[in-house]
Amino acid sequence: MNATIRPVLTGNRALVVGIANDQSIAYGCAKAFRTAGADLAVTWLNDKAKPHVEPLARELEAQIMMPLDVAQPGQLEAVFEEIGKRWDKLDILVHSIAFAPRADLQGGLLDCSAEGFAKAMDVSCHSFVRMAKLAAPLMKEGGTMFAMSYYGANRVVSNYNVMGPVKAALEACCRYLAFELGPRAIRVHAISPGPLKTRAASGLKDFELLLNEAAQKAPLGELVDIMDVGWTCAYLATPFAHRVTGGTVYVDGGANIIA
Ligand SMILES: NC(=O)c1ccc[n+]([C@@H]2O[C@H](COP(=O)([O-])OP(=O)(O)OC[C@H]3O[C@@H](n4cnc5c(N)ncnc54)[C@H](O)[C@@H]3O)[C@@H](O)[C@H]2O)c1
């Protein structure tokens with residue numbers, strides 16, 4: 001894409017959760033926001049992830065950098081406490097994280113353990129609700145929240161298994177949060193990217209097949225990249241999209257319209 005991006009998000013402050021490396025969808029979002037002028041807060045999962053994420057956060061001139069494992073009590077609260085201390089407000093929140101134990105992810109839904117189901121739902125879905133609750137009071141001038149979903153939320157995609165129901169719940173949470181937060185001028189979007197070769201995707205069986213099929217199926221005839229997702233989120237965060245909320249926005253070259 002050769003378009004010149006104007007700094008339409010200057011003065012905006014964005015928390016981006018989910019960068020593991022420079023292939024992460026969250027990195028595409030952070031890069032798009034920064035290019036459009038926003039200030040960033042970036043988190044990494046733990047000490048093991050930090051050396052991969054910190055250089056990217058520095059490259060993006062992130063003002064706040066912190067560890068965040070949503071499964072560790074207190075860490076999410078600590079991130080929002082820091083944001084409240086350092087920034088006068090928050091405008092943008094990106095939740096771009098997902099997890100399911102490998103055995104539960106790679107077996108069918110029938111074989112998914114109760115613990116695996118609960119863990120997948122907690123990290124990949126309920127953590128967004130927790131984030132939204134902590135972010136909303138900081139979004140004093142309104143704001144925009146994003147959660148990453150996938151087509152497997154609505155249609156059965158082979159090998160997507162437990163993540164299908166989890167993403168369906170995530171999309172429903174986006175609708176209910178959009179309803180509850182709309183009066184505070186906070187908009188909530190589920191973003192549904194086409195398949196992308198990332199670390200999280202490598203946990204899915206036969207992911208290469210999914211990639212090939214997506215490119216063939218998409219009317220635009222190509223796979224999407226992380227910047228396609230990032231630019232879409234950047235647009236939705238601008239005032240140009242101030243009356244758009246609650247839906248699932250597909251960034252998939254149109255693949256979702258094909259039977
Ligand atoms: N790659 C795809 O094809 C694709 C398509 C549609 C949607 N998505 C969704 O996009 C999101 C981002 O995934 P990605 O493909 O960029 O992969 P990725 O591996 O780069 O990102 C996943 C992130 O989840 C984080 N994470 C996992 N457990 C966590 C926890 N307990 N606390 C905090 N963070 C945790 C990881 O640290 C990592 O940064 C996920 O929700 C995924 O389901 C991916």
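Heads up: numbering here begins at 1 and tracks the sequence. Each ligand, and each atom within it, is numbered from 1 in the order the structure gives. Hydrogens, waters and symmetry mates are skipped; everything else that's a heavy atom, side chains included, is used.
The presence of a protein heavy atom under 4.0 Å from atom 42 (C) of ligand 1 is confirmed.
Residues Asp104 and Lys119 are not paired through a salt bridge, judged by the lack of any N-O separation under 4.0 Å between the basic side chain and the carboxylate. Look at Asp91 and Lys140 and you find no salt bridge, because none of the NZ, NE, NH1 or NH2 atoms lies under 4.0 Å from a carboxylate O. Residues Arg86 and Glu82 are paired through a salt bridge, judged by an N-O separation under 4.0 Å between the basic side chain and the carboxylate.
Among the atoms of Gln23, none of the N or O lies under 3.5 angstrom from an N or O of ligand 1. Any N or O atom pair closer than 3.5 Å counts here, and Tyr160 shares no such pair with ligand 1. Between Tyr150 and ligand 1, a contact under 3.5 Å exists for no N or O pair. In terms of polar-atom proximity, defined here as any N/O pair under 3.5 Å, Pro193 makes no such contact with ligand 1. Taking any N or O of Ala200, backbone or side chain, at least one lies under 3.5 Å from an N or O belonging to ligand 1.
Between Phe146 and His189, the two ring planes are parallel [angle under 30°; tilted spans 30° to 60°].
Within the listing of ligand 1, atoms 21 (O), 23 (C), 38 (C), 39 (O) sit less than 4.0 angstrom from a heavy atom of Gly18. Which parts of ligand 1 touch Ile25 is read off a 4.0 Å heavy-atom cut-off, strictly below it: atoms 4 (C), 8 (N), 10 (O), 15 (O), 16 (O), 44 (C). If you number the atoms of ligand 1 from 1 as listed, the ones under 4.0 Å from a heavy atom of Pro195 come out as 3 (O). Ligand-side atoms of ligand 1 in range of Ala20: 20 (O), 38 (C), 39 (O), range being under 4.0 angstrom from any heavy atom. For ligand 1 and Ile19, the ligand atoms under 4.0 Å from any heavy atom of the residue are 39 (O). Atoms of ligand 1 lying under 4.0 Å from at least one heavy atom of Leu68, given by number and element, are 32 (N), 33 (C). Taking every heavy atom of Ser24 and a limit of under 4.0 angstrom, the matching atoms of ligand 1 come to 16 (O), 18 (P), 20 (O). Residue-ligand proximity, Ala201 to ligand 1, at heavy-atom distances under 4.0 Å covers atoms 1 (N).
Nearest protein neighbour of atom 32 (N) of ligand 1, counting heavy atoms only, is Val70 N, 2.9 Å. The single protein non-hydrogen atom nearest to atom 3 (O) of ligand 1 is Leu196 N, 2.7 Å, given as residue, atom name and distance.
For the ligand labelled ligand 1, residue Ser149 lies inside the 4.0 Å heavy-atom shell. Note on ligand 1: His95 sits outside its first shell, no heavy atom being nearer than 4.0 Å.
Looking only at atom types and distance, the side chain of Ser127 has a donor-acceptor partner in the side chain of His95 under 3.5 Å away. With hydrogens and angles left out, the side-chain atoms of Thr198 and Gln23 include no donor and acceptor closer than 3.5 Å.
Contacts between Leu45 and ligand 1 below 4.0 angstrom, taking non-hydrogen atoms only, involve the side chain exclusively. No part of Thr43 comes within 4.0 Å of ligand 1, judged by heavy-atom distances. Residue contacts with ligand 1 for Phe207 involve side-chain atoms from C-beta outward but no N, CA, C or O (heavy atoms, distance under 4.0 Å). When non-hydrogen atoms are compared, ligand 1 lies under 4.0 Å from neither the backbone nor the side chain of Ala147. Contact annotation: for Val123 versus ligand 1, heavy atoms closer than 4.0 Å belong to the side chain alone.
When atom types are taken as modelled, the side chain of Asn212 and the backbone of Leu209 share no donor-acceptor pair closer than 3.5 angstrom. Panel note: side chain Ser24, backbone Asn21; a donor-acceptor pair is recorded below 3.5 Å.
In summary, the aromatic rings of Tyr160 and Tyr150 are positioned with their centroids under 6.0 Å apart.
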Check: residues 62-74 side-chain donor-acceptor pairs under 3.5 Å, at least two apart:
from: Gln63; atom 1: OE1; to: Trp87; atom 2: NE1; distance (Å): 2.9
from: Gln63; atom 1: NE2; to: Asp39; atom 2: OD1; distance (Å): 3.3
from: Asp69; atom 1: OD1; to: Ala71; atom 2: N; distance (Å): 2.8

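Remark: of the listed residues Leu45, Thr43, Val79, Thr43 is the sole one forming a side-chain contact (heavy atoms from CB on, under 4.5 Å) with Val17.
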_Residue pair Glu59, Arg34: steps toward the salt bridge (Lys or Arg N to Asp or Glu O under 4.0 Å) verdict_ = CA-CA 10 Å; Glu59 166 211 305; Arg34 184 70 196 133; over 6 Å; no
